[in-house]
Amino acid sequence: MQESSEFQELKRRFRRWTFPMTVAFLVWYLLYVVLSGWARGFMAIELIGEINVGLVFGLLQFVSTFLIAWAYARHAEKALDPIADKLRHEVEEKTQ
C-alpha cells in the first residue's frame, strides 16, 4: 500500500502543507523570542494603557496556533481525508 501512487500523493499533499506551515510558525515564534530577549525597548512600547507590544505578540502566538489548527483541519478535510478514506477502505477490503 505504501508504494501505491495514491499513498504517495497523500504523503505529498500532507508534506506540501505541513512543512511550510511549520517553518512559518517557527520563524514567527522565534521572532517573538528574539524580540523579547534583545529588543526589550520595542516590546515595552505601550499601545493602549498597560498593553504593550510584547503582550500583543504573546497573545498573537495563541491566535496563530488556533488559526493554523483550523486551517489544517480544513486542508485535511478537503485534500487529505478523501484519499485516506479511499485507501483505508481498500486496505479493509483486502484484509477481509
Side-chain angles (χ1 to χ4, degrees):
M1 181 58 66
Q2 292 178 356
E3 295 175 4
S4 72
S5 63
E6 289 174 325
F7 186 78
Q8 295 302 317
E9 175 66 16
L10 179 63
K11 284 182 11 178
R12 185 186 66 74
R13 288 183 184 192
F14 174 78
R15 288 179 181 153
R16 212 165 140 200
W17 196 91
T18 54
F19 288 165
M21 192 59 64
T22 300
V23 169
F25 180 78
L26 287 175
V27 167
W28 160 238
Y29 176 73
L30 289 174
L31 174 68
Y32 172 67
V33 171
V34 168
L35 289 176
S36 295
W38 286 281
R40 292 179 183 221
F42 171 71
M43 296 296 268
I45 295 172
E46 292 184 355
L47 300 174
I48 302 171
E50 297 293 319
I51 299 173
N52 62 19
V53 173
L55 180 61
V56 171
F57 273 31
L59 292 174
L60 286 174
Q61 292 291 317
F62 289 102
V63 172
S64 64
T65 300
F66 287 110
L67 287 175
I68 290 169
W70 171 78
Y72 176 76
R74 288 191 61 206
H75 169 71
E77 185 179 350
K78 291 179 182 179
L80 304 177
D81 291 350
I83 297 172
D85 289 342
K86 184 178 181 211
L87 290 171
R88 187 187 75 233
H89 289 301
E90 288 176 11
V91 169
E92 288 173 351
E93 288 176 3
K94 288 180 182 180
T95 59
Q96 291 181 2

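Across all non-hydrogen atoms, the minimal contact from Arg13 to His75 is O-NE2, 3.5 Å.
Under the 4.5 Å side-chain heavy-atom criterion for Ile, Leu, Val, Met, Phe, Trp and Tyr, Phe66 and Trp28 are members of distinct hydrophobic clusters. Hydrophobic clustering places Leu30 together with Met43 (ILVMFWY residues linked when any side-chain heavy atoms are closer than 4.5 Å, directly or through intermediates). Under the 4.5 Å side-chain heavy-atom criterion for ILVMFWY residues, no single connected hydrophobic cluster contains both Tyr29 and Trp38. Hydrophobic cluster membership differs between Phe42 and Val27, with clusters built from Ile, Leu, Val, Met, Phe, Trp and Tyr side chains linked at under 4.5 angstrom. When the side chains of ILVMFWY residues are joined at heavy-atom separations under 4.5 Å, either directly or via intervening members, Leu55 and Leu47 end up in a single hydrophobic cluster.
Around the CZ atom of Arg12, the shell of radius 6.0 Å holds more than 12 heavy atoms that belong to other residues, nucleotides or ligands. The neighbour count for Gln2 CD, taken as heavy atoms of other residues, nucleotides or ligands under 6.0 Å away, does not exceed 12.
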- [ ] Start with the C-alpha gap between Arg74 and Glu77, add the side-chain angles, then the distance that decides, and say whether salt bridge (charged side-chain N to carboxylate O under 4.0 Å, His left out) holds.
- [x] CA-CA 5 Å; Arg74 288 191 61 206; Glu77 185 179 350; over 6 Å; no
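One finds the CG atom of Leu26 at 12.5 Å from the CG atom of Leu31 (value rounded to the nearest 0.5 Å). One finds the NZ atom of Lys94 at 6.0 Å from the CD atom of Glu90 (value rounded to the nearest 0.5 Å). Here the CG-CZ distance, from Asn52 to Arg40, works out to 12.5 Å after rounding to the nearest 0.5 Å. Taking OG1 of Thr22 as the start and CD1 of Ile68 as the end, the distance is 8.0 Å to the nearest 0.5 Å. We find the CG-OG distance between Leu59 and Ser64 to be 11.0 Å, quoted to the nearest 0.5 Å. Rounding to the nearest 0.5 Å gives a distance of 5.0 Å between CZ of Phe25 and CD of Gln61.
Every residue two or more places apart in sequence or in another chain was checked for a salt bridge (charged side-chain N to carboxylate O under 4.0 Å, His left out) with Glu50, and none qualifies.
Between Tyr32 and Phe57, the ring planes lie tilted relative to each other; the angle falls in the 30° to 60° range.
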Just list the side-chain donor-acceptor pairs under 3.5 Å for residues 79-87, sequence neighbours left out, or say none.
unit_1 : atom_1 : unit_2 : atom_2 : d
Asp85  : OD1    : Arg88  : NH1    : 3.2
Lys86  : NZ     : Glu6   : OE2    : 2.3

